[in-house]
Amino acid sequence: MTRYDRIYAVIRRIPRGRVATYGQVALLAGLPGQARMVGYALAALPGRSGVPWQRVVNAQGRVSPRAGGAGFEALQRAMLRREGVRFGDSGGISLAIFRWRPRAAGR
DNA sequence: CGCATGACCTACG
DNA sequence: TCGTAGGCCATGC
């Protein structure tokens, strides 16, 4: 069982219509403070893996831009909206499903 | 082995 | 709201 496998397992447990942050996934995967590894694991994830990668957003409740183009970003938002996730005016996800508080990871 | 890079996070200007 | 700084660590050169 590698770190990535545990990360994927946690993401697979995210209910439809809800989202989790990189930091939260890292915490649940037994890797506190290593949110960056979650992002790295997702970057290494093949397209058809069955992992709901779209349900992982950053600590600000926004879709993280990544290399490869803004098209993926738009696709992720579209997929989430189709699952019932609401986005606010500023492009952020409404706090109803985002009410937890991450612990200090930096400084 | 050293160095740079990256779907991150928080604090501070 | 944006940019910078410091910390985490896997991966590639």
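Just so it is clear, the model here is predicted, and its values are computed rather than measured. Every chain is numbered from 1, with letters handed out A, B, ... down the list of sequences.
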inquiry  = How many whole angstroms separate atom CG of A/L42 from atom P of C/dC9?
reply    = 18 Å
key: Distance in angstrom units between A/Q60 CD and C/dG3 P, rounded   = 12 Å
Protein-nucleotide distance (A/N58, atom CG; B/dG6, atom P), rounded to Å = 17 Å
ask   = Is the shortest heavy-atom distance from the side chain of A/M79 to the side chain of A/R55 under 4.5 Å?
value = no
ask   = In whole angstrom, what separates A/R62's CZ from B/dC8's P?
value = 13 Å
ask   = Within this structure, what is the CZ-to-P distance between A/R77 and B/dA7, rounded to whole angstrom?
value = 17 Å
Closest-nucleotide ordering on DNA chain C, the 5'-leading residue of A/A35 and A/Y40 = A/A35
ask   = By side chain to side chain donor-acceptor pair (under 3.5 Å), which residues pair with A/Q54, not counting sequence neighbours?
value = A/E83
query = Are A/F72 and A/V63 joined in one hydrophobic group, where the rule is that I, L, V, M, F, W and Y side chains link up if heavy atoms are under 4.5 Å apart?
reply = no
inquiry  = Can you work out whether A/S90 or A/M37 has the more 5'-proximal nearest nucleotide on DNA chain C?
reply    = A/S90
message = I need the CD-P distance between A/E73 and B/dC8, as an integer number of Å.
response = 11 Å
ask   = Hey, does the side chain of A/Y4 come within less than 4.0 Å of C/dC9's phosphate (OP1/OP2), counting only N and O?
value = no
task = Rounded to the nearest angstrom, tell me the gap between atom CZ in A/R36 and atom C1' in C/dA5.
result = 13 Å
query = Can you check the A/I7 CD1 to C/dC8 C1' distance for me, whole Å?
reply = 13 Å
Heavy atoms of other groups near A/R82 CZ, more than 12 under 6.0 Å = no
